Amino acid sequence: MAQAPDVTPDATPDVTPGFAPERAPGFFTPVPDVFVRTHMGVPDVDADRWTLSVEGLVERPLRIGLAELLARPARRLAAVHECFGSPFAPDVPTRAVANVAWTGFPLAELLDEARPLAQARHVWFEGVDTGSFHGEDGLTYTKDLPLKDAHGRVFLAHRMNGEPLTAEHGSPVRAVVPRMFGTNSVKWLTRVVLAARRPEHMFTTRFYTRVLPGADAPTPVRDVDVNSKLSAPADGARLPVGDVEITGHAWSTTEVAAVEVSVDEGPWERAALDALGADDGPVWQRFTLTRPLTAGPHRVRSRATDRTGRVQPPPGSRNSVHEITVTAEVP
Ligand SMILES: Nc1nc2c(c(=O)[nH]1)N[C@H]1C(S)=C(S)[C@@H](COP(=O)(O)O)O[C@H]1N2
Ligand SMILES: [Mo]
């Protein structure tokens, strides 16, 4: 089995204001600023009747109520959270991204208690939400992962930045799959099914697949791409002429090794980049570069390179170089 997710014991699950105060402002994304994505609306979940089951190809099927689940020792997983974008437009950048501290525990604990049978190869994750999508009725939001990834990477979260999950973010319990696109992090999780094969489904085999560079067949949308996002100044901002601190965040499946920034047609210049700390989970990394800006509009671009040598591509891909425009003015 793969190694358990990179999680730290959570001693203070109730502390939200100033959560991780040693971090620069904006390092964690406040809950109201985290994007919300639903395919079939937000379901009305009755927390008193909600259960989570682990079933299918297991020796000991489990069914757990919320009180029992919340009583388990809590851990924390800080991780970048990124939406892949529209399943109909896999090459369009959206840069819907956040950095979140989740509280919960690794799915591996439940899988170990349920004892997968030898034939179990895949884990299906089902949400409470059902409905229609793209002309098909009677759907349940379903995703799947190889058992090795489900065991090694999936975290079951019931708090987000220290607060109980809100309805739109998957209350009472959701999956979080660090370093995979958000589509895999099933909200309102209610069933975990171990199976010998993948589920044939709208959101597993029909949409959310893509052909990776250098490949000839589509694969499921899972691992995130190397990417960066300029956060300040904001796109379209007007600022006084003179030195401006350009900041943003970068992330990938591994640590990001370098971020370069270019102003107008100038060269790519290496920004200062925070390394991933020894205690950090798969969080995003902040970068900064200070540049003097003359009066007028300026084009600012950021480009990340990760430890495996992957570099953000030019425009045309969902993770292309990020570009904003700002205007400097004489006060
Ligand atoms: N049950 C369920 N889980 C879901 C979805 C959904 O529609 N239903 N949307 C997915 C997508 S595409 C993304 S990007 C993330 C978004 O999580 P958030 O809304 O908490 O940011 O949830 C994922 N999990
Ligand atoms: Mo998404």
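Because the structure is a prediction, the values reported are computed rather than measured. For ligands, and for the atoms within them, numbers begin at 1 and follow the listed sequence.
- Taking hydrophobic clusters as Ile, Leu, Val, Met, Phe, Trp and Tyr residues chained together by side-chain heavy-atom distances below 4.5 Å, Phe28 does not share a cluster with Val256.
- At least one heavy atom of His81 sits under 4.0 Å from some atom of ligand 1.
- Heavy atoms of Phe181 found under 4.0 angstrom from ligand 1: none, in either backbone or side chain.
- The side chain to side chain contact (heavy atoms under 4.5 Å, CB included) test with Leu145 singles out one residue from Arg198, His122, Arg222, His151, and that residue is Arg222.
- Under 4.0 Å from ligand 1, heavy atoms of Thr183 appear from its side chain as well as its backbone.
- The closest approach between any non-hydrogen atom of Gly170 and ligand 1 is not below 4.0 Å.
- In terms of protein heavy atoms, atom 2 (C) of ligand 1 is closest to Tyr141 CD2, 3.2 Å.
- In terms of N/O distances under 3.5 Å, ligand 1 is not approached by Tyr208.
- Aromatic pair Tyr208/His39: ring centres closer than 6.0 Å.
- Aromatic rings of His201 and Trp124 (six-membered ring for Trp) have centroids beyond the 6.0 Å cut-off, not under it.
- If you check which protein heavy atom lies closest to atom 15 (C) of ligand 1, you get Gly182 O, 3.4 Å.
- Of the heavy atoms in Met40, none comes closer than 4.0 Å to ligand 1.
- Ranking the protein heavy atoms by distance from atom 8 (N) of ligand 1 puts Asp129 OD2, 2.7 Å first.
- Under a 4.0 Å heavy-atom criterion, Arg174 is in contact with ligand 1.
- Counting only heavy atoms of the protein, atom 19 (O) of ligand 1 lies nearest to Lys187 NZ, 2.6 Å.
- In Ser185, the part holding a heavy atom less than 4.0 Å from any atom of ligand 1 is the backbone.
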